[in-house]
Amino acid sequence: RGTAPLFEAWARGERSIVACWHNRVLMMPIPLAAFGARICVMNSQHRDGEIATRALARWGIHSVRGSATRGGVRGFLQLVRAFRRGYDLAVIPDGPRGPRYVAKLGVLHLARATGAPIYPVSYGASRAWQLGSWDRLIEGSPCADTISRRDPGCSTRAIGAGSFAC
């Protein structure tokens, strides 16, 4: 069923937290923006975070600034406020420095603070480049077939506030 449970929840008017691994982040704005959801994400306060913030704004995705290593509490509180203003939230649970595929507790704290379910999502591409960075960042190549999907390491149901099934 892939991302269908998330899109079904949005169709019912339910808000949620979308979680995506750091190395899969480049393609995630496409299905999120295509559905028309109001999304807010936390980006780093560093220069690369500013680049991400500007790029995401072109997709209609709102950003707050902070990370696990700098400005995290402020960014967390801004995410909670954005949720209360009607935004769905997107988080990168293994960012900004990893280790890859190891979720930090911030996403669970965010679910607890908002009462929102967590939907772990990912994507795959028939042809892709993979960088040599800590996260082995993946970028689908032009004309590749891509698919948004539920993260294969997670349960098929949404993860409720206060529990984590990956």
Worksheet item: What pairs of residues pass the salt bridge (charged side-chain N to carboxylate O under 4.0 Å, His left out) test when at least one of them lies in residues 74-86, not counting sequence neighbours?
Response: none
Worksheet item: Short question: side chain of Lys104, backbone of Ile92 - any donor-acceptor pair under 3.5 Å?
Response: no
Fill in: side chain to side chain contact (heavy atoms under 4.5 Å, CB included) involving Ser63 - partner list, sequence neighbours excluded
Val41, Asn43, Thr53, Leu56
Practice prompt. Compare all side-chain heavy atoms of Trp10 with those of Asp88 and state whether any distance is below 4.5 angstrom.
Written response: yes
Worksheet item: Of all residues at least two apart in sequence or in a different chain, which pass the side chain to side chain donor-acceptor pair (under 3.5 Å) check with Arg65?
Response: Glu50
Worksheet, complete the sentence: Those residues at least two apart in sequence (or on a different chain) that pass side chain to side chain donor-acceptor pair (under 3.5 Å) with Asn23 are Tyr101
Practice prompt. Not counting sequence neighbours, which residues clear ring-ring contact (aromatic ring centres under 6.0 Å, His included) with Trp134? List them please.
Written response: His22
Worksheet entry | Joint hydrophobic cluster, Ile17 plus Val73, side-chain heavy atoms closer than 4.5 Å | yes
Practice prompt. For the pair Val121 and Leu6, evaluate side chain to side chain contact (heavy atoms under 4.5 Å, CB included) and give the outcome as yes or no after the intermediate values.
Written response: CA-CA 9 Å; Val121 296; Leu6 171 63; 4.2 Å; yes
Worksheet item: Side-chain contact, heavy-atom cut-off 4.5 Å: Cys40 with Val64?
Response: yes
Fill in: Pairwise distance OG1(Thr114) to CG(Leu89) - rounded to 0.5 angstrom
6.0 Å
Fill in: Counterpart residues, side chain to side chain donor-acceptor pair (under 3.5 Å), relative to Glu14 (two or more places apart)
Arg12
Response to the item:
Residues at least two apart in sequence or cross-chain that pass side chain to side chain donor-acceptor pair (under 3.5 Å) with Gln45, listed by chain then number, are Arg70
Discussion item. Run the side chain to side chain contact (heavy atoms under 4.5 Å, CB included) test against Leu105 and tell me which residues pass, sequence neighbours left out.
Written reply: Leu108, His109
Discussion item. How long is the straight-line distance from CD1 of Ile118 back to OG of Ser16, given to the nearest 0.5 Å?
Written reply: 10.0 Å
Worksheet entry | For the student: nearest non-hydrogen atoms of Ala116 and Arg15, plus distance | CB-O, 4.2 Å
Discussion item. Treating Ser44 as the side-chain partner and His46 as the backbone partner, does any N or O pair qualify as donor plus acceptor under 3.5 Å?
Written reply: yes
Worksheet item: What pairs with Arg136 under side chain to side chain contact (heavy atoms under 4.5 Å, CB included), at least two apart in sequence or on another chain?
Response: Arg100, Gln130
Worksheet item: Do Val91 and Val18 have side-chain heavy atoms sitting under 4.5 Å apart?
Response: no
Practice prompt. Just grab all the ring-ring contact (aromatic ring centres under 6.0 Å, His included) pairs involving residues 55-99, residues at least two apart or on different chains.
Written response: His62-Tyr87
